[in-house]
Amino acid sequence: MSESTGAARLEPWDETGIERILVVVAHPDDAEYGTSAAVAQWTSRGIDVGYLLLTAGEAGMQRPPEEAGPLRAEEQRRAGEAVGIESLAILGFPDGMVEYGLPLRRAIAREIRRFRPDAVVTGSGDLFVGWGLDHADHRAVGLAAIDAVRDADNRWVFPELLAEEGLEPWGAAWLLLTGRESNSVVEVGEDAVGRAVASLEAHEAYLADLPWHPAPADFIPDILTEMGKAAGVPYAVGFDAHRLKE
Ligand SMILES: [Zn+2]
């Protein structure tokens with residue numbers, strides 16, 4: 001389908017058969033800049049969505065890490081609740097110093113085998129993303145999550161996950177990347193937009209440390225409206241979606 005301008009209109013992501021989706025990010029709040037609207041829509045349809053954070057975001061506030069880590073983890077729990085998240089895992093990689101490598105891939109592959117998602121949502125791993133130069137942790141986690149989707153499906157990669165932890169290989173059918181030009185969209189309703197705003201607002205103490213940060217209600221709906229225009233609907237979240245298997 002194309003519009004009169006010649007620009008391709010984005011088509012809806014095919015959710016056929018999707019029961020579980022795992023969102024893999026580096027920090028508390030990373031999923032709350034648009035993705036959480038899709039999450040709210042998915043959970044309202046009965047899809048089980050889990051969040052995997054590689055760090056507790058302990059280096060992201062004015063207060064010391066030992067205070068910030070638990071506080072941000074609690075704010076993330078509330079943010080997830082706002083969009084229907086029941087499974088939240090926060091691993092202890094060091095905020096600001098996450099390195100791409102086998103330990104990171106193994107940790108993500110382990111959680112993929114545990115949660116058994118039909119789709120994994122993560123960052124592109126690119127240096128340049130839609131909003132500028134991306135953070136080192138985001139790049140490391142995005143790249144490692146992309147690789148871990150494949151690792152999780154191969155019994156000869158990280159064989160100890162099966163031998164020692166009994167975690168059978170698991171192959172997700174879809175990889176949905178954020179931060180790249182979208183090739184498909186998830187249409188979201190007004191309720192999901194409101195819950196997405198609430199999910200970012202849940203990071204209350206964190207946002208209070210960032211006086212320049214706009215209020216969530218002042219820009220999250222705009223992001224979703226903008227993507228909606230590209231799909232011909234009121235609100236949408238865009239992804240660069242890749243089908244990995246049928
Ligand atoms: Zn982040």
Side-chain angles (χ1 to χ4, degrees), residues 7-8 10 13 21 23-41 51-57 59-62 72 75-76 79-80 82-83 93 95-100 119-146 175-188 192-204 206-231 233-242:
L10 293 173
W13 176 52
I21 298 174
V23 177
V24 183
V25 295
H27 311 120
D29 95 347
D30 287 353
E32 273 74 74
Y33 289 83
T35 299
S36 64
V39 171
Q41 196 66 44
Y51 279 0
L52 169 61
L53 279 67
L54 277 300
T55 83
M61 297 183 72
Q62 302 298 326
R72 296 201 70 195
E75 291 192 335
Q76 182 63 58
V83 292
F93 284 82
D95 183 16
M97 296 179 283
V98 179
E99 288 183 295
Y100 175 86
V120 172
V121 178
T122 194
S124 65
D126 293 340
L127 177 57
F128 292 99
V129 290
W131 49 90
L133 282 166
D134 208 6
H135 188 286
D137 289 356
H138 298 172
R139 303 198 312 266
V141 169
L143 199 55
I146 291 165
L175 185 55
L176 305 185
L177 300 179
T178 61
R180 289 175 65 82
E181 192 171 345
S182 302
N183 64 10
S184 51
V185 293
V186 174
E187 182 180 357
V188 299
V193 175
R195 291 164 76 195
V197 169
S199 74
L200 183 54
E201 287 173 344
H203 297 278
E204 195 179 347
Y206 174 71
L207 292 177
D209 264 11
L210 306 172
W212 49 266
H213 194 291
D218 289 345
F219 75 99
I220 294 288
D222 295 345
I223 294 175
L224 302 170
T225 303
E226 198 57 37
M227 191 52 69
K229 276 182 197 157
V233 298
Y235 300 106
V237 181
F239 294 103
D240 178 28
H242 299 263

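Because the structure is predicted, anything quoted here is derived from the model rather than measured. Numbering of residues begins at 1 and proceeds along the displayed sequence.
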Colleague: Should Leu200 and Ser36 count as side-chain neighbours, where that means a heavy-atom distance under 4.5 Å?
Modeller: no
Colleague: Enumerate the side chain to side chain donor-acceptor pair (under 3.5 Å) contacts for residues 211-220, please, sequence neighbours excluded, ordered by first and then second residue.
Modeller: Tyr33-His213
Colleague: Looking at Ser124 and Val129, what are the two nearest heavy atoms and their distance?
Modeller: OG-CG1, 3.7 Å
Colleague: Where do Gln41 and Ala192 come nearest, in terms of heavy atoms and distance?
Modeller: OE1-CB, 3.4 Å
Colleague: Got Leu176 and Thr35 here, is their nearest side-chain heavy-atom distance under 4.5 Å?
Modeller: no
Colleague: Verify, without hydrogens or angle tests, whether Glu204 (side chain) and Glu75 (backbone) share a donor-acceptor contact under 3.5 angstrom.
Modeller: no
Colleague: With side-chain contact (heavy atoms from CB on, under 4.5 Å) as the test, would you mind laying out the steps for Phe128 and Leu133 before giving the verdict?
Modeller: CA-CA 5 Å; Phe128 292 99; Leu133 282 166; 3.3 Å; yes
Colleague: Stepwise, does the side-chain contact (heavy atoms from CB on, under 4.5 Å) test hold for Thr122 with Leu177?
Modeller: CA-CA 5 Å; Thr122 194; Leu177 300 179; 3.8 Å; yes
Colleague: Would you check, one step at a time, whether the test side-chain contact (heavy atoms from CB on, under 4.5 Å) holds for Phe93 with Val141?
Modeller: CA-CA 10 Å; Phe93 284 82; Val141 169; over 6 Å; no
Colleague: List the atom of Ile220, the atom of Ala196, and the distance in Å for their closest heavy-atom pair.
Modeller: CG2-CB, 4.2 Å
Colleague: The test is side-chain contact (heavy atoms from CB on, under 4.5 Å); show your working for Arg72 and Asp29 and say whether it passes.
Modeller: CA-CA 9 Å; Arg72 296 201 70 195; Asp29 95 347; 3.9 Å; yes
Colleague: Rounded to the nearest 0.5 Å, how far does OG1 of Thr55 lie from CG of Leu53?
Modeller: 6.5 Å
Colleague: Looking at every non-hydrogen atom in both residues, tell me the closest pair between Val237 and Ala37 and how far apart they are.
Modeller: CG2-CB, 3.9 Å
Colleague: Side-chain contact test, heavy atoms from C-beta onward, threshold under 4.5 Å: evaluate it for Pro216 versus Leu207 and give yes or no.
Modeller: yes
Colleague: Rounded to the nearest 0.5 Å, how far does OG of Ser184 lie from CG of Asp240?
Modeller: 7.5 Å
Colleague: Can you check whether Met227 reaches Ser182 side chain to side chain, under 4.5 Å on heavy atoms?
Modeller: yes
Colleague: Can you tell me how far the OH atom of Tyr235 sits from the NZ atom of Lys229, to the nearest 0.5 Å?
Modeller: 11.5 Å
Colleague: Got a second to check how far Glu32's CD is from Gln76's CD, nearest 0.5 Å?
Modeller: 4.5 Å
Colleague: Which heavy-atom pair separates Ala236 from Val185 by the least distance, and what is that distance?
Modeller: CB-CB, 4.0 Å
Colleague: What residue pairs, at least two apart or across chains, pass side chain to side chain donor-acceptor pair (under 3.5 Å) with a residue in residues 130-144?
Modeller: His27-Asp137, His27-His138, Asp30-His138, Asp134-His138
Colleague: Asp209: what forms a salt bridge (Lys or Arg N to Asp or Glu O under 4.0 Å) with it, not counting sequence neighbours?
Modeller: none
Colleague: Determine whether Thr178 and Phe239 make a side-chain contact, defined as any pair of heavy atoms from C-beta on separated by less than 4.5 Å.
Modeller: yes
Colleague: Testing the basics here: between Ala140 and Tyr100, what is the closest heavy-atom pair and its distance to 0.1 Å?
Modeller: CB-N, 3.6 Å
